[in-house]
Amino acid sequence: MEDSGKKVKIAINGGIGFGAKLNAKQLITLSKYMNEDEELELTTFQQLYIEIPESNIEEIIEEFQSVGLACYPVGNFVKSLRTCNFCKGEEEEGMPVAKELNRRIAGKPVPFTLKVAYTGCPIGCGEPMLSDIGVMKIRDHYHLYAGGKAKGKDAEVGSLLKENLTPEELYETVEKIIEVYSEEGKKRETFYKFFKRVGSDYLIS
Ligand code: SF4
């Protein structure tokens, strides 16, 4: 594809499903917007970065969505939910809840990139304990963790904030935490630092 105009980086993935996969049709669609010497960047939070022409960004995103690709902004936003592979099945592992949570929070502006992870059982393949916010399904309810830090020599597991939430309670609590961080976090303050500064009681009071 030849285009000398300005390009914008967007994040894409195949949406929430059984594993982080892309099908052939999606790959063909993406390749239409790439020159042979261009690359897709694979991030650690199950997103690919692609640069597309700014002049027709809306039509391209619509085209991506028509083949089942999910598109998100890049930068200081809530990332799309990083999930486990739902190996025990869609309903048992709460995939509809993960999808709804993602729909509500992904792409919201925050002081610094915020990573939220979801895992369908206590085995925890989605690594919720090491994310800014982590959700773990336990039987029919959800445990919520926050303040994990995956990077650095001072990596830390998150703290359990709430146990046995219903889906609605989970959505409301996560949305409220993100709202507080969004409004009261300092510019470029990571959620980890914000969490240490304000404390868990303040976030869920
Ligand atoms: S966290 Fe549980 S449901 Fe999800 S992939 Fe791992 S074992 Fe399967």
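Atoms within a ligand are numbered from 1 in the order they appear, just like the ligands themselves.
- Taking a cut-off of under 4.0 Å to the non-hydrogen atoms of C87, the atoms of ligand 1 that pass are 3 (S), 5 (S), 7 (S), 8 (Fe).
- The nearest protein atom to atom 4 (Fe) of ligand 1, hydrogens excluded, is given as C84 SG, 2.3 Å; this is a heavy-atom distance.
- Side-chain contact, E127 with T119: no donor N or O sits under 3.5 Å from an acceptor N or O.
- Those atoms of ligand 1 with a heavy atom of T119 less than 4.0 angstrom away are 1 (S).
- Looking only at heavy atoms of the protein, atom 6 (Fe) of ligand 1 is closest to C125 SG, 2.3 Å.
- Atom 2 (Fe) of ligand 1 has C121 among its coordinating residues (N/O/S atom, backbone or side chain, under 2.8 Å).
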I would like to know whether K176 and E172 meet salt bridge (charged side-chain N to carboxylate O under 4.0 Å, His left out); could you show each step before the answer? CA-CA 6 Å; K176 185 180 163 225; E172 281 168 21; over 6 Å; no
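- Residue contact check: N85 has heavy atoms under 4.0 Å from atoms 5 (S) of ligand 1.
- Put simply, the side chain of Q26 gets close to the backbone of N23: a donor and an acceptor are under 3.5 Å apart.
- Contact between G124 and ligand 1 is present, with at least one heavy atom of the residue lying under 4.0 Å from the ligand.
- Heavy-atom contacts from other residues, nucleotides or ligands closer than 6.0 Å to OH of Y202 number 12 or fewer.
- If you number the atoms of ligand 1 from 1 as listed, the ones under 4.0 Å from a heavy atom of E93 come out as 3 (S).
- Judged purely by distance below 3.5 Å, without hydrogens or angles, the side chains of Y181 and E189 never pair a donor atom with an acceptor atom.
- In this structure, K79 forms no cation-pi arrangement with F45, as its terminal cationic atom is not both closer than 6.0 Å to the ring centre and no more than 45° off the ring axis.
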